[in-house]
Amino acid sequence: MSDNTVRARVSFSFKGETHELDSVIDLDRLLGEPGAVPDFHRLLASDAGIDPYSYLYEVLESHEIEFSDATGAAVRSCHDGQLDWSRFAADMSEARDWRAVRVAVEPILGPRDWDAEPALKAALLAAYRAGRAHGG
């Protein structure tokens, strides 16, 4: 399990039976194409053994998932039962880029409190991204 998890829950009734699905989801394994939001209903269904081509699955899809108990970077993205996937993905992209920048610049500039120098940090990130965008 990764450092970035969230608990996903949904409760619904189908044919007089109550279904309560509850899973802790590893968000790091869901990071893929930029802008692609994971299908959390399908993940919950899979964990519960629900066939995605069944009527039960259709009923599940019609209910909103409640997110809670976020860990790691997901904490900033999980509030009031909602998960802001776009924010989480952007935070993870920023962290990945910053790790690459630090590997390149700390041997030259030395370790330092980068949060105390936000303008330098932003400039280094911008330069890194510009280089990456141009095939660097």
Side-chain angles (χ1 to χ4, degrees):
M1 186 73 50
S2 75
D3 292 332
N4 302 303
T5 64
V6 69
R7 185 176 185 182
R9 289 186 295 226
V10 65
S11 178
F12 62 96
S13 293
F14 179 69
K15 293 187 176 181
E17 186 177 332
T18 299
H19 299 268
E20 294 185 11
L21 283 58
D22 188 339
S23 294
V24 174
I25 298 173
D26 177 349
L27 297 177
D28 291 334
R29 73 179 177 89
L30 302 179
L31 287 167
E33 294 296 315
V37 178
D39 186 342
F40 289 103
H41 285 95
R42 189 171 291 265
L43 290 167
L44 280 171
S46 176
D47 286 353
I50 296 173
D51 183 347
Y53 298 103
S54 67
Y55 289 122
L56 179 60
Y57 182 74
E58 288 182 29
V59 174
L60 163 62
E61 280 188 309
S62 71
H63 287 78
E64 191 170 320
I65 297 171
E66 178 185 335
F67 296 95
S68 64
D69 304 327
T71 63
V75 171
R76 283 179 23 110
S77 305
C78 186
H79 299 284
D80 302 321
Q82 302 292 312
L83 177 66
D84 183 344
W85 179 259
S86 297
R87 180 176 185 170
F88 173 73
D91 287 350
M92 295 308 296
S93 177
E94 175 97 4
R96 182 185 61 247
D97 289 354
W98 182 239
R99 278 191 301 276
V101 169
R102 285 183 65 178
V103 165
V105 301
E106 284 190 347
I108 299 163
L109 300 177
R112 55 183 66 206
D113 180 4
W114 294 103
D115 293 328
E117 300 181 72
L120 178 58
K121 182 177 178 179
L124 290 168
L125 272 169
Y128 170 78
R129 290 176 177 150
R132 195 177 64 194
H134 291 94

Exam field: side chain T71 to backbone T5, donor-acceptor pair closer than 3.5 Å
yes

Correct closest heavy-atom pair for R9 and S68 would be NH2-OG, 3.4 Å

In sequence, state the C-alpha distance, the side-chain angles, and the governing distance for W85 and L31, and then conclude on side-chain contact (heavy atoms from CB on, under 4.5 Å).
CA-CA 10 Å; W85 179 259; L31 287 167; 3.8 Å; yes

Report whether F67 and V37 are members of the same hydrophobic cluster (ILVMFWY, side-chain heavy atoms less than 4.5 Å apart, transitive linking).
yes

Taking all atoms of both residues into account, what is the closest heavy-atom pair of N4 and A74, and its distance?
OD1-N, 3.8 Å

Could you please spell out the steps behind the side-chain contact (heavy atoms from CB on, under 4.5 Å) verdict for D91 and S77?
CA-CA 9 Å; D91 287 350; S77 305; 4.2 Å; yes

Kindly state each residue pair satisfying salt bridge (Lys or Arg N to Asp or Glu O under 4.0 Å) with at least one member in residues 41-60, sequence neighbours excluded.
D39-R42

Closest non-hydrogen atom pair between A70 and C78, with its separation:
CB-CB, 3.7 Å

For residues L30 and F40, determine if any side-chain heavy atom of one lies less than 4.5 Å from a side-chain heavy atom of the other.
yes

Just by distance, do the side chain of D3 and the backbone of G72 share a donor-acceptor pair under 3.5 Å?
no

Does the H41 side chain pair with the main chain of H63, one donor and one acceptor, at a distance under 3.5 Å?
yes

Residues V6, L27; criterion side-chain contact (heavy atoms from CB on, under 4.5 Å); working and verdict
CA-CA 7 Å; V6 69; L27 297 177; 3.7 Å; yes

Stepwise side-chain contact (heavy atoms from CB on, under 4.5 Å) check, L56 with H19:
CA-CA 10 Å; L56 179 60; H19 299 268; 3.6 Å; yes

Cluster check Y55, L21: I/L/V/M/F/W/Y, side chain < 4.5 angstrom
yes

Compare every heavy atom of I50 with every heavy atom of S54, then report the nearest pair and how far apart it is.
OG-CG2, 3.9 Å

Taking ILVMFWY side chains as joined if any heavy atoms are under 4.5 angstrom apart, and letting links pass through other members, which residues group with L125?
W98, V101, V105, I108, L109, W114, L120, L124, Y128

Check R87 with E94, please: is the shortest side-chain N to carboxylate O separation under 4.0 Å?
no

Contact summary for A8 and I65, nearest pair of heavy atoms
CB-CG2, 3.8 Å

Any idea which heavy atoms bring Y57 and P52 closest together, and the distance?
CD2-O, 3.1 Å

Here the gap from L44 atom CG to E61 atom CD, rounded to the nearest 0.5 Å, amounts to 11.5 Å

